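Step one of this worksheet: look at the structure below.
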Amino acid sequence: MNTFGEAVLRIGIAMLQGARSEHAQALLQVDSEIEIVELRRPSDLLLGIDALILPGGESTSMRLASASKGLLKSLFDWMIENKDKPVLGTCAGAILLCQPEFELTPFVDAMISRNSFGRQSDSFQAKLKVRIIEESEFSGVFIRAPRFIENGCQAVAWLGDEVVGILDGNRMALTFHPELTDDLLFHRWLITQASA
Ligand code: GLN
């Protein structure tokens, strides 16, 4: 509740590993009234969330970090039960959306290849074309980034001719790190969708 007694938006961030606090800061810059829900164990989902961020980092470490408490499984169950709620998966988070667990169908209609731009030292920053409502430029930070091999989704970001951001329903997968730039476009999108 905010100071006027109104319900506030609750945005969950998977706290398994990787770039997490940067997402929280970006969300609070868009709207300081939202509540950030740090998701560490399945019970953290009990009070409900309106949107979810799967951060970047290292997807294998995230799967391992999830093994003891089963957080990823509970997030996947939440996504199955809440098909319309917005989800933003960045880099390793995009990998999890495309390759959840072998018995689950992907949460976005795409195939992805890990570490496909090369090693850590091949990380780079580049100007992207993005189209969310309207077309603009965005500075994309790629860190051991994956690549979409094929996808049946709406493209929302391009590096040259290559699609680096996709939208499937209300689930967005980006192969770069929007939380590492000052541009709040993607966090604004998530909050707008969550309040719709
Ligand atoms: N290479 C990582 C993986 O395979 C993703 C990198 C990132 O999230 N920056 O999970």
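Quick caveat, the model's predicted, so the values are computed rather than measured. Start at 1 and go down the list; that is how both ligands and their atoms are numbered. Numbering starts at 1 and runs along the sequence shown.
- Distance from atom 4 (O) of ligand 1 to its nearest protein heavy atom, with residue and atom name: R114 NE, 2.6 Å.
- When hydrophobic side chains of Ile, Leu, Val, Met, Phe, Trp and Tyr are connected at separations under 4.5 Å, M111 ends up clustered with I149.
- The nearest protein atom to atom 1 (N) of ligand 1, hydrogens excluded, is given as N115 OD1, 2.5 Å; this is a heavy-atom distance.
- Residue-ligand proximity, S59 to ligand 1, at heavy-atom distances under 4.0 Å covers atoms 3 (C), 4 (O), 10 (O).
- Considering only non-hydrogen protein atoms, atom 7 (C) of ligand 1 sits nearest to C91 SG, 2.8 Å.
- For the pair H177 and ligand 1, a heavy-atom separation below 4.0 Å is found.
- Within the 4.0 Å heavy-atom criterion, the part of I95 lying near ligand 1 is the side chain and not the backbone.
- For a threshold of 3.5 Å applied to N or O pairs, the pair formed by A92 and ligand 1 contains at least one separation below that value.
- To the nearest 0.5 Å, atom CD of residue Q17 and atom CZ of residue R63 are 12.0 Å apart.
- Residue R144 places at least one N or O, backbone or side chain, under 3.5 Å from an N or O of ligand 1.
- Aromatic ring pairs are classed by plane angle as parallel below 30°, tilted from 30° to 60° and perpendicular above 60°; the pair F124 and F142 is parallel.
- Below 4.0 Å from some heavy atom of G56 lie the following atoms of ligand 1, by number and element: 8 (O).
- The aromatic rings of H187 and H23 sit tilted relative to each other, their planes meeting at an angle between 30° and 60°.
- At a cut-off of 3.5 Å, with distance as the only test, no side-chain donor of R131 or S136 sits close to an acceptor on the other residue.
- Listed by chain and residue number, P86, N170, W189 satisfy the side chain to side chain contact (heavy atoms under 4.5 Å, CB included) test with Q193 (two or more places apart in sequence, or in another chain).
- Cation-pi geometry between R144 and F117 is not met at under 6.0 angstrom from the ring centre and within 45 degrees of the axis.
- Regarding atom 2 (C) of ligand 1, its nearest protein heavy-atom neighbour is G57 O, 3.6 Å.
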